[in-house]
Amino acid sequence: MANRKIKFYKHYFNEFYAAQSDKVRRKIAQTLVWLQTIDRLPVSILKSIEGKKGLYEIRIEFSGNIYRVFCCFDEGSLVILFNGFQKKTQKTPVGEIEKAERLMNEYFKDK
């Protein structure tokens with residue numbers, strides 16, 4: 001059984017989370033519990049971003065809407081959450097991936 005800790009980098013995730021409805025927040029919270037406790041999450045929940053070493057997206061679906069939260073791992077069992085957004089198209093917007101990559105690089109530089 002996994003025992004990961006979750007850390008929020010700056011204010012990005014909290015702002016995204018606060019902007020969601022209660023039901024969506026509950027679904028996000030449930031997904032984060034799975035991230036903390038399940039050893040191997042399916043790709044439907046946690047997927048690496050192609051071509052972006054160390055960057056992952058947490059995938060949340062609720063009532064036909066799709067949400068993504070970018071993250072990375074640090075020290076094996078620490079998950080760092082970055083920006084999140086509601087997905088409106090098939091492809092993840094390049095700007096969101098670039099922002100997450102910038103935040104990840106900033107996190108490791110500041111550490």
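Hydrophobic side-chain contacts under 4.5 Å tie I66 to no other Ile, Leu, Val, Met, Phe, Trp or Tyr residue. The hydrophobic cluster of V43 has no other members, since no ILVMFWY side-chain heavy atom comes under 4.5 Å of it.
Under a hydrophobic clustering in which Ile, Leu, Val, Met, Phe, Trp and Tyr are joined whenever their side-chain heavy atoms come within less than 4.5 Å, directly or via other members, F62 and L41 fall into the same cluster. Residues V79 and Y12 do not share a hydrophobic cluster, clusters being chains of Ile/Leu/Val/Met/Phe/Trp/Tyr side chains in contact below 4.5 Å. Cluster membership for I6 and L78, using ILVMFWY side-chain heavy atoms within less than 4.5 angstrom, is not shared. If you chain together hydrophobic residues whose side chains sit under 4.5 Å apart, V24 and F8 fall into the same group. In the hydrophobic cluster analysis, where Ile, Leu, Val, Met, Phe, Trp and Tyr join through side-chain heavy atoms closer than 4.5 angstrom, I80 is grouped apart from L35.
Interatomic distance, NZ of K7 versus SG of C72, reported as 10.0 Å (0.5 Å rounding). From I58, atom CD1 reaches atom CD1 of I28 across 9.5 Å, with rounding to the nearest 0.5 Å. Once rounded to the nearest 0.5 Å, the distance linking CG of L32 with CD1 of I45 reads 11.0 Å.
The salt bridge (Lys or Arg N to Asp or Glu O under 4.0 Å) test applied to R25 returns D22, not counting sequence neighbours. Residues passing the ring-ring contact (aromatic ring centres under 6.0 Å, His included) test with Y67, sequence neighbours excluded: none. Listed by chain and number, the residues in a ring-ring contact (aromatic ring centres under 6.0 Å, His included) with F16 amount to none (sequence neighbours excluded).
For residues 26-50, no pair satisfies side chain to side chain donor-acceptor pair (under 3.5 Å), with sequence neighbours left out. Applying the salt bridge (charged side-chain N to carboxylate O under 4.0 Å, His left out) rule to pairs touching residues 55-69 yields E57-R59, E57-R68, sequence neighbours excluded.
Taking the six-membered ring for Trp and thresholds of 30 and 60 degrees, F73 and Y56 have ring planes more than 60 degrees apart, a perpendicular arrangement.
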Output a table of donor-acceptor pairs, distance under 3.5 Å, between side-chain atoms of residues 81-95 and any protein atom two or more places apart or on a different chain; print 'none' if there are none.
residue: N83; atom: ND2; partner: E96; partner atom: O; Å: 3.4
residue: N83; atom: ND2; partner: E96; partner atom: OE1; Å: 3.0
residue: Q86; atom: NE2; partner: N65; partner atom: OD1; Å: 3.2
residue: K87; atom: NZ; partner: Q90; partner atom: O; Å: 2.9
residue: T89; atom: OG1; partner: K91; partner atom: O; Å: 2.9

Tell me which donor-acceptor pairs under 3.5 Å the side chains of residues 100-111 have, and how far apart each pair is, sequence neighbours excluded?
residue: E101; atom: OE1; partner: K52; partner atom: NZ; Å: 3.2
residue: N105; atom: ND2; partner: E101; partner atom: O; Å: 3.3
residue: E106; atom: OE2; partner: Y9; partner atom: OH; Å: 2.9
residue: E106; atom: OE2; partner: K10; partner atom: NZ; Å: 2.9
residue: Y107; atom: OH; partner: D74; partner atom: OD2; Å: 2.5
residue: D110; atom: OD2; partner: Y9; partner atom: OH; Å: 3.0
residue: K111; atom: NZ; partner: D74; partner atom: OD1; Å: 3.0
residue: K111; atom: NZ; partner: D74; partner atom: OD2; Å: 2.9
residue: K111; atom: NZ; partner: E75; partner atom: OE2; Å: 3.2

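Using a 4.5 Å cut-off on side-chain heavy atoms (C-beta onward), C71 and L46 make contact.
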